[in-house]
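For clarity, every value in this text was computed on a predicted model and none was experimentally measured. Proteins come first, then strands; the chains are lettered A, B, ... in the order of their sequence lines, and each starts at number 1. Values below: all heavy atoms of this structure, side chains included; hydrogens, waters and symmetry mates excluded.
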Amino acid sequence: MSGTITGMWFRKDLRLVDNTALIAMMKERDDNESVIGIFNINPSQLKKGTLNHQAFFAAVEQFSEEAEKAGLPIHFIVGKPEKAFETLKKAIPELTKIYFNRDERGYGKKRDEAMLTFFSDYKIQVNHFQDSHLHGVSEIKKDNGEAFKVFTPYYNRWKKLKKPLFQKEEFADFGVKGADFRQLFKEEQKYVSDLLAEIPIELKGEVGLQRARGYLSRFIDKKVSSYEVDRDYPAIKGTSRISRFLRTGELSIREVYHRLNDSDEGGNSSDTFLKELCWRDFYNMIYAENPEQQTLEIKEQYRGLHWNQNQGMLIAWKEGKTGFPIVDAGMRQLNQTGWMHNRLRMIVASFLTKDLLTDWRLGEAYFSQQLVDYDSASNIGGWQWAASTGTDAVPYFRIFNPTLQGKNFDSDGTFIRFYVPELANVPIAYLHEPQKMPLDIQKQVGCIIGTDYPEPIVDHQKMRSEILSLFKGQ
DNA sequence: TGTCCCTTATA
DNA sequence: ATAAGGGAC
């Protein structure tokens, strides 16, 4: 083959449509330039065996098949990015240009910065783009040039800014086939097929653009108009459920934004939902501004908090055996499905930090294993919000009462009964406080407290005053 | 995107 | 007795 080769390096942008870097590559290429698709697997970054990992690689597998069908076979390269690209360059010396959509925070940002140096050393030209968010981390600043720290003023600015367009082009529209050098990477292909063989079949259903668009359409057609109210009730499927497709990039954030806007001409039924898309940009920006936030409280004042080290409490929380029905139902939804309703994420996070006095980092770490929609910026931001240690976080004295939250947001107990089957027959009068059930009713409904379902592992009022004094003492 | 507890008003 | 409102944490 004469001419040069240009690579599209896919990462959390597993899509052939409205992919900023991919479209740029196809538009800018000239006739003697071939293109290839690349995906790097860095074994040291894998969280094998977790739902997060399995869901992501289920999407990778689906994407790889779609890309091959569309004429862009994906070349998997394995190892630390520098090593993997060194091997790639040795096997394909004509590779002189790379396109990718950059990561603007966290591990991905460090990787991208290191790789810019690497590519420059190897005389590989690089073009990279902001593709993952409606507004990148540096786009929205206060008038004095500083980053926002509070959500509402950030949102007011965000709302006014013009959003990037949805680009309808797909790879196939350009009438060019990607080159196929996969026979040079037999070992890597074996590694990938072994890795994919470990993915449970249940996780392979919730993947792909078609699926994602199904959720999006259902949400826009049927749910967004009542989203503001319905989204708070876990028993109602009132949320969009597109988060898993946004974190893999199977669904473009621009497609989401413009479909919402087009369906809501002049109305404001989607304002509350747009706010959630803004939170996604906000926390992305906050993580870029606070690169240590995965391990360090943003509020310096609270860096020395003395958290409870009791492992048993943490385990009870993880397993959904705290004796607080709404908390347990939420944790079991997470464990069984890899997803948790947003109201419940707030409740269980408040419970871990404010009722069990447990370090928010442990909760964040558990979510990072379990969530099929895990996004580090949103997850860390959410945990620091709940722990009252983040910027624009809930004030430390604004403490959720888990029993009241259950009564308010699952008043008839539909959600609790579904995920905590041992409580299925408990009368509603006792469902949110099963420990108050008289023994004869316990026997009658087949749920003995302390045997079939735990006593509350803490006294909320007691823990509330304890956490208040912990925070006040800082 | 809270809850508690007090006061005051009304029954 | 209960609702509504406000301050405190």
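When the shell of 6.0 Å around CD1 of A/Ile201 is examined, it contains 12 or fewer heavy atoms from other residues, nucleotides or ligands.
Near-neighbour residues of DNA chain B inside residues 340-353 of chain A, defined by a heavy atom below 4.0 Å, number-ordered: A/Asn342, A/Arg343, A/Met346. Within residues 399-414 of chain A, the residues approached by DNA chain B to less than 4.0 Å at the level of any non-hydrogen atom are A/Ile399, A/Phe400, A/Asn401, A/Leu404, A/Gln405, in residue-number order. The stretch residues 370-389 of chain A has no heavy atom under 4.0 angstrom from DNA chain B at all.
A cation-pi arrangement, defined by a distance under 6.0 Å to the six-membered ring centre and an angle within 45 degrees of its axis, is absent between A/Lys237 and A/Phe219. The cationic atom of A/Arg241 (NZ for Lys, CZ for Arg) does not lie both less than 6.0 Å from the six-membered ring centre of A/Tyr215 and within 45° of the ring axis. For the pair A/Arg11 and A/Phe39, the cation-pi criterion (under 6.0 Å, within 45° of the ring axis) is not fulfilled.
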Quick test: give all pairs of protein nitrogen or oxygen and nucleotides 3-9 of chain C nitrogen or oxygen below 3.5 Å, distance rounded to 0.1 Å.
residue	atom	partner	partner atom	Å
C/dC9	O3'	A/Lys472	NZ	3.1

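In the model, A/Thr358 has no side-chain atom that pairs as donor or acceptor with a side-chain atom of A/Asn308 under 3.5 Å. No hydrogens or angles considered: nothing links the side chains of A/Lys223 and A/Ser240 as a donor-acceptor pair under 3.5 Å. A donor atom on one side chain and an acceptor atom on the other are found under 3.5 Å apart for A/His460 and A/Asp355. A donor-acceptor pair shorter than 3.5 Å can be found between the side chains of A/Tyr366 and A/Asn335. When only modelled atom types and interatomic distance are considered, A/Ser388 and A/Lys299 share no side-chain donor-acceptor pair under 3.5 Å.
Checking A/Lys12, A/Lys110, A/Arg247 one by one against A/Asp103, the salt bridge (charged side-chain N to carboxylate O under 4.0 Å, His left out) holds for a single residue, A/Lys12. Tested against A/Glu289, the residues A/Lys109, A/Lys149, A/Lys141, A/Arg105 include a single salt bridge (charged side-chain N to carboxylate O under 4.0 Å, His left out) partner, A/Lys141.
Within the nucleic acid shown, A/Glu228 has no heavy atom closer than 4.0 Å to any nucleic acid atom.
A salt bridge is defined here as a Lys NZ or Arg NE, NH1 or NH2 lying under 4.0 Å from an Asp or Glu carboxylate O, and A/Lys407 with A/Glu433 meets this definition. Using a 4.0 Å cut-off between a side-chain N of Lys or Arg and a carboxylate O of Asp or Glu, A/Glu319 and A/Lys321 qualify as a salt bridge.
Contacts classified as salt bridge (Lys or Arg N to Asp or Glu O under 4.0 Å) and involving residues 153-167 of chain A (residues at least two apart or in different chains) are given here: A/Asp143-A/Arg157.
You can see that DNA chain B meets the heavy atoms of chain A within a 4.0 Å-exclusive cut from B/dT1 to B/dC4, reading 5' to 3'.
Between A/Glu139 and A/Leu161 the shortest side-chain heavy-atom distance does not fall below 4.5 Å.
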